[in-house]
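First comes the structure, then the notes that go with it.
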Amino acid sequence: MSFITQIFTLAVFAVFVNNFVLSKFLGLCPYIGVSKKIDSALGMGMAVIFVMTMASTFTWLIQQYLLIPYNLEYLQTIAFILTIASLVQLVEMVIQKTAPSLYKALGVFLPLITTNCAVLGVSILNIQEDYNFLGAILNGLFSGMGFTLVLVLMAGLRERLDKAEVPEAMKGMPIAFVIAGCMALAFLGFSGLNF
Amino acid sequence: MIYAIIILGALGLIYGLGLAFASKKFHVEVDPKIEAIIEVLPSANCGACGYPGCAGYAEAIVMNDEELNKCAPGGAAVVGEIAKIMDKEATAADRKVAVIKCQSGGANNTFFRYEYQGVTTCKAAVIVNNGPNLCAYGCVFQNDCIAACKFDAISLDENGMRIVDKEKCTGCGACVKACPRNLIELASEKKRVHILCSSHDKGADSRKACGNKTACIGCGICVKKCPKDAIELQNNLAVLNYDLCIMCGICADACPTGAIIDPLKEARALRKAEAKKKADAAIAAKAAAEKGSAPEGE
């Protein structure tokens, strides 16, 4: 397989087949919480893409050059969480400085990326799947994109739902959960893809 | 073991230093005025101002020059405080209060078709055979509005009728949403003339159904008498347009059933009498003066 095909396969699998939200069920908190408006969903998605890529890069380096040489693989979880937490803090500061409106829109969900299992998930999966350095970075990037894709799709749906006539008891969260289920079903269709 | 301690410690140290550096570099100044205004606001986070919570409104005041008088629960006192912080002129908002457009006479005076023993909410009561009371538009006395009011502004009088305390009412509109019969409307505090009936029944029916005998019978006299065309007849019910109403009280005088209330009637009559007395006195004085000065002139 040529290099380009490899990257393409990686992208399709990370975005569609092994989508973090809809097939691994990781990162559901922001998926429901920040998907009310397309703008903030897009912002959140960008933040997650950035954090996931950075986290993949750093955690892979830490795993390969710190933990494995000293036989400290059992410290994987705590070392990764430490890294991710610091990264998110950094991203939060940068966003607060450069894009205050985005900072406000993301609200409490930005710090929540810290404990977002999707970010830790991508870091650990990179190690488990034995990706090389580039593969790990790309997997982080594409997984973040997959997350952003479903988040924005969901936000678009929910924006329209606000204008739709939904029974009183189903308004808001209940109908959002139903839609999330429908989206997961739709994405299940990608699992048949084969290269 | 020792490596584990060293490596984790080193990681933590590096990240800590990095973040400390970043927090200096990306430091954001927060306007102290925002904090001060948040302190002053009632922190009910009711959303009446149209912003997400009191903090959002405080920020809008400082950042976007938002009006100072949007906080309904805070009232004039808070507006004054904010004005002090912002060094601006305070302009009192046109305060809105809830008006319950049904004077059924209270639970004790109302005619009931059956005894309702279900869930004690108005929403449930109106579903059962269109409500227990004879008037299909009237209050069903299960106190959804009282439960919805966060400020204890709605109370019961001795007859079981709901009374809005205009001082306590903040105009947040929670009761308007809570009432399943849409009896409550927000009107400016200054407006005193109200049509307190919501019955769209035909005249005879609504009169018969009303426990207080003050139903609007849709006769349309008020519509004809109103000098400003502020009243409109909609499906056997007179509806007042508060924007046009000048509170002359002519409709209240003309209403044959007393569905229109005008608490200013007596005050107005007094004022009129006083003005007339003054005018009479002035005329008398003028006449006297003319009498006194006339001979000299001639």
Side-chain angles (χ1 to χ4, degrees), chain A residues 33-34 36-37 40 50-51 54-55 57-111 114 123 167-169 171, chain B residues 1-31 33-35 37-38 45 47 49-64 66 119 121-124 126-127 144 148 176-180 182:
Chain A
V34 200
K36 274 196 186 129
K37 269 193 198 150
S40 53
F50 181 71
V51 171
M54 297 294 281
T57 315
F58 280 94
T59 51
W60 192 89
L61 288 174
I62 284 168
Q63 174 78 14
Q64 297 299 325
Y65 294 108
L66 275 179
L67 301 184
I68 291 179
Y70 295 101
N71 288 324
L72 294 173
E73 286 95 335
Y74 60 91
L75 285 180
Q76 195 187 46
T77 313
I78 189 167
F80 283 9
I81 287 179
L82 198 62
T83 311
I84 294 165
S86 314
L87 269 174
V88 172
Q89 277 300 310
L90 186 69
V91 173
E92 190 181 351
M93 283 177 203
V94 174
I95 289 184
Q96 190 179 9
K97 181 80 177 176
T98 53
S101 56
L102 180 61
Y103 176 76
K104 228 181 293 162
L106 293 178
V108 73
F109 290 100
L110 199 54
T114 314
S123 306
E168 188 69 35
K171 259 182 195 159
Chain B
M1 174 66 192
I2 194 83
Y3 283 127
I5 295 172
I6 291 173
I7 286 177
L8 264 191
L11 273 181
L13 193 68
I14 293 169
Y15 291 149
L17 287 177
L19 284 181
F21 174 72
S23 74
K24 270 270 180 281
K25 174 138 190 165
F26 295 108
H27 184 63
V28 177
E29 290 279 342
V30 178
D31 199 327
K33 279 182 190 165
I34 297 179
E35 297 280 318
I37 293 176
I38 292 173
N45 289 324
C49 53
Y51 287 92
C54 296
Y57 178 48
E59 216 172 298
I61 291 177
V62 177
M63 298 299 191
N64 309 334
E66 181 53 84
V119 184
T121 68
C122 304
K123 280 199 176 69
V126 295
I127 292 171
D144 275 10
V176 177
K177 272 185 213 143
C179 183
N182 297 325

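What you see below is based on every heavy atom in this structure, not just the backbone, and it leaves out hydrogens, waters and symmetry mates. Please read these numbers as outputs of a predicted model, since none were measured by experiment.
More than 12 heavy atoms of other residues, nucleotides or ligands shown are found within 6.0 angstrom of NZ on B/K123. Summarising the local packing, OH of A/Y65 is surrounded by 12 or fewer heavy atoms from other residues, nucleotides or ligands at distances under 6.0 Å. Within 6.0 Å of CZ in B/F26 there are more than 12 heavy atoms belonging to other residues, nucleotides or ligands. Around the CD1 atom of A/I78, the shell of radius 6.0 Å holds no more than 12 heavy atoms that belong to other residues, nucleotides or ligands.
Between the CG atom in A/L66 and the OH atom in B/Y3 there is a gap of 12.0 Å [rounded to 0.5 Å]. Rounding to the nearest 0.5 angstrom, the gap separating the NZ atom in B/K25 from the CE atom in A/M93 is 13.5 Å. Atom CZ of A/F80 is separated from atom CG of B/L11 by 10.5 Å, given to the nearest 0.5 angstrom. For the atom pair A/L75 CG and B/L8 CG, the distance stands at 5.0 Å (nearest 0.5 Å). For the atom pair A/T83 OG1 and B/I14 CD1, the distance stands at 10.0 Å (nearest 0.5 Å). B/S23 OG to A/Q96 CD: the interatomic distance, rounded to the nearest 0.5 Å, is 11.0 Å.
The two residues A/L82 and B/Y15 have their closest heavy-atom pair at CG-CD1, 3.8 Å. When all heavy atoms are compared, the tightest approach of B/L19 to A/S86 is CD2-O, 3.6 Å.
For A/I62, the part lying near chain B is the side chain, with the backbone staying farther off; criterion is any non-hydrogen pair under 4.5 Å.
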